[in-house]
Amino acid sequence: GEDVEQSLFLSVREGDSSVINCTYTDSSSTYLYWYKQEPGAGLQLLTYIFSNMDMKQDQRLTVLLNKKDKHLSLRIADTQTGDSAIYFCAESFYNQGGKLIFGQGTELSVKP
Amino acid sequence: DVKVTQSSRYLVKRTGEKVFLECVQDMDHENMFWYRQDPGLGLRLIYFSYDVKMKEKGDIPEGYSVSREKKERFSLILESASTNQTSMYLCASSVPRRNQPQHFGDGTRLSIL
């Protein structure tokens, strides 16, 4: 079945890199997404990667996908206090019309 | 820019009441979704809709129903609210193409007393 797992908490110092990890069980996913949720707000799309790619870079964000291990990661370079939020990974499936399966979310805390 | 608007940010209701949560999107999206978010559980899909007047059950539909009479509006209904339905509710919309993400509203924090 479909299952997406994330660790619940991550704490880093301002200026360091953050790496948020995600594992999934269903290898038939087509796209994998990273969303950010700031306190009291909805989810904001950060980036996504197609399942036949290994890496995608977008400014301070780097997404790595290891299909063999079913492992997805989001690296945030030069982490700032404004990056403190909950980060969700999610996978979509070609034959399920845009339905997403979400992980539990990782709460990133950035300390000055 | 896509705008998904949920009618209330905070709502307090009593056990047994019928509760309506409203969601409107302004981008003519075919797909609309309702999730609930609970700490440590992530987002769980309650119901979704691919078109007007059509609905599909998600992973946790029990105790909920939905209505989609117009393309831009998707309503979530708690027929008889219970305390275990206290949660954050999130609405999303998308177009039905493979690489198109879901766009979310700001959420409704619902408390059932």
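Order of the sequence lines sets the chain letters (A, B, ...), proteins ahead of strands, with each chain counted from 1. Quick caveat: nothing in here was measured; it's all calculated off a predicted structure.
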Residue B/L43 versus chain A: region with a heavy atom under 4.5 Å: both

B/R9 versus chain A, the contacting section by heavy-atom distance below 4.5 Å: side chain

Atom CZ of B/R109 with >12 non-hydrogen neighbours under 6.0 angstrom: no

Hydrophobic cluster membership, B/V4 vs B/L110, 4.5 Å side-chain cutoff: no

Derivation of the side-chain contact (heavy atoms from CB on, under 4.5 Å) call for B/Y35 and A/L100: CA-CA 11 Å; B/Y35 296 89; A/L100 294 180; 4.1 Å; yes

Contacting region of A/Q44 [heavy-atom separation from chain B under 4.5 Å]: neither

Engaged part of A/L45 at the chain B interface, taking heavy atoms whose separation is under 4.5 Å: side chain

A/F9 reachable from A/I86 in the ILVMFWY side-chain graph, under 4.5 Å edges: no

Hydrophobic cluster identity match, A/V63 and A/M53, side-chain contacts under 4.5 Å: yes

Hphob cluster co-occupancy, B/L21 + B/V24, side-chain heavy atoms under 4.5 angstrom: no

Part of B/Q37 lying under 4.5 Å from any heavy atom of chain A: side chain

4.5 Å side-chain heavy-atom contact, B/Q102 and A/Y35: yes

Hydrophobic cluster membership, A/F102 vs A/L10, 4.5 Å side-chain cutoff: yes

